[in-house]
Amino acid sequence: MPELPEVDSARAVIERTVLGQRIVAIEDVDPYVCRPHTAEDFESGLVGRRIVRVMRRGKQLWCETSPLRGQGAPGPHLGLHLGMGGRIVVTDRSGRVVPDGDSTHGLAGEHQDRWDRCTVRFANGMALRLVDKRRLGRVRLDPDVAALGPDALDVDLREFRRLLSRGTTSIKARLLDQSVLAGIGNLLADEMLWQSRISPAKRVDQLQPTEVAALHRAMRQALRRSIAAGGSHTGRVIPARHGGGTCPRCGAPMRHGTVGGRSTWWCEREQDEQHG
DNA sequence: ACTCGTGTTAGCTG
DNA sequence: TCAGCTAACACGAG
């Protein structure tokens, strides 16, 4: 599920529930998800500190922590990455899930802790959990945020042009390159390319200026809409991403293939591949 | 039994 | 060195 919109909503939940709370324990440390850190690393680095800020850049989320007892240097950043299927769940002191506003999977009831890969407990009894069946999510101290490109929501047309100006790779591969542009995932990329009627396989050096402008507009709109609607899966073309699917605009068959190493769907009529 | 996947990255090639 | 591509990662869902 997680692309920029899902991560943004996770950020909001953390901010609303445990901002300012003191960390009292770290539990359920899955060694694969949390590598290279150990439970002791988290314990000594975080316990006793408060969450003072919750930040996001692209799909990377992190919590900034206070000095100990208000004295000395700030603590490490607690980096959270949802991977392919992870989610953030906050539970209250009685173990019930705190609703996150728009999620349909956040069953407001007992929390099933079978898939918890890292749990942060707070003085007020709340717990922040990274829940991830697949274990492709990551929890790490002081994540290297500088390796990411600018957040997709912050990129204006001028910068967007610049990000697409180098190289010869396909536009879809470029949109998915987090070191260039942070936050666009597989579904958002298909959605914005469909909205702007551009072939996912078209090389970045073959894009016309008008196409780049249309794509930038589509990106901003797709991000805004999916954040408001509650996730990347709410895009208009997403329901057509299956065998036999047809374009929601023109009714032509949707085509499927691998572009930029990812499963890709596009309208065979409107997203023509004349210039590949 | 077998294939696929809303992400990242180590490793290879030109 | 860099741009670009592929395989691998883990494991549930269909």
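In what follows, chains carry the letters A, B, and so on, assigned in the order in which the sequence lines appear, proteins first and then strands, with residues in each chain numbered from 1.
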Nearest-angstrom distance from the residue atom [atom1] of [X] to [atom2] of [N]:
X        : N      : atom1 : atom2 : answer
A:Asp30  : C:dC9  : CG    : P     : 16 Å
A:Ile184 : B:dT8  : CD1   : P     : 11 Å
A:Leu164 : C:dG4  : CG    : P     : 12 Å
A:Leu176 : B:dG5  : CG    : P     : 14 Å
A:Trp115 : C:dC11 : CH2   : P     : 9 Å
A:Leu80  : B:dT8  : CG    : P     : 14 Å
A:Lys59  : B:dT8  : NZ    : P     : 4 Å
A:Gln178 : B:dG7  : CD    : C1'   : 8 Å

TODO: List the steps, then state whether side chain to side chain contact (heavy atoms under 4.5 Å, CB included) holds for A:Arg96 with A:Thr91.
DONE: CA-CA 5 Å; A:Arg96 253 188 298 269; A:Thr91 52; over 6 Å; no

Task: Among C:dC11, C:dA3, C:dC5, the one nearest A:Thr169 by side-chain distance - done: C:dC5

Open item on the list: What's the closest nucleotide to the side chain of A:Leu136 if the choices are C:dG4, B:dG7, C:dG12?
Closed with: B:dG7

Open item on the list: What's A:Arg35 touching, base or sugar-phosphate or nothing? Going by heavy atoms closer than 4.0 Å.
Closed with: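 Here A:Arg35 touches no strand at all.
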
- [ ] Pick base, sugar-phosphate or nothing for A:Gly83, based on heavy-atom distances below 4.0 Å to the nucleic acid.
- [x] sugar-phosphate

Side-chain N or O of [X] less than 4.0 angstrom from OP1 or OP2 on [N]?
X        : N      : answer
A:His81  : B:dG7  : no
A:Arg262 : B:dG5  : no
A:Lys133 : C:dG12 : no
A:Ser263 : B:dC4  : no
A:Arg241 : B:dG5  : no

TODO: State whether the distance check finds a donor on one side and an acceptor on the other, under 3.5 Å, for side chain A:Arg134 versus base B:dG5.
DONE: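 By the distance-only test, yes, there is a pair.
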
TODO: Name the residue closer to the 5' end of DNA chain C, choosing between A:Arg117 and A:Ala173 according to the nucleotide with the nearest heavy atom.
DONE: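 Going by which nucleotide is closer to the 5' end, it is A:Ala173.
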
- [ ] Could you tell me which nucleotide pairs with B:dT9 by Watson-Crick or G-U wobble geometry, both distances under 3.5 Å, or answer none if nothing does?
- [x]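 Paired with C:dA7.
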
Side chains of [X] and [Y]: is there a donor and an acceptor less than 3.5 Å apart?
X        : Y        : result
A:Glu40  : A:Thr38  : yes
A:Glu211 : A:Ser196 : no
A:His111 : A:Asp116 : yes
A:Thr65  : A:His77  : no
A:Lys172 : A:Thr264 : yes

Task: Nearest-Å distance once atom C1' is located in both B:dT9 and C:dG12 - done: 22 Å

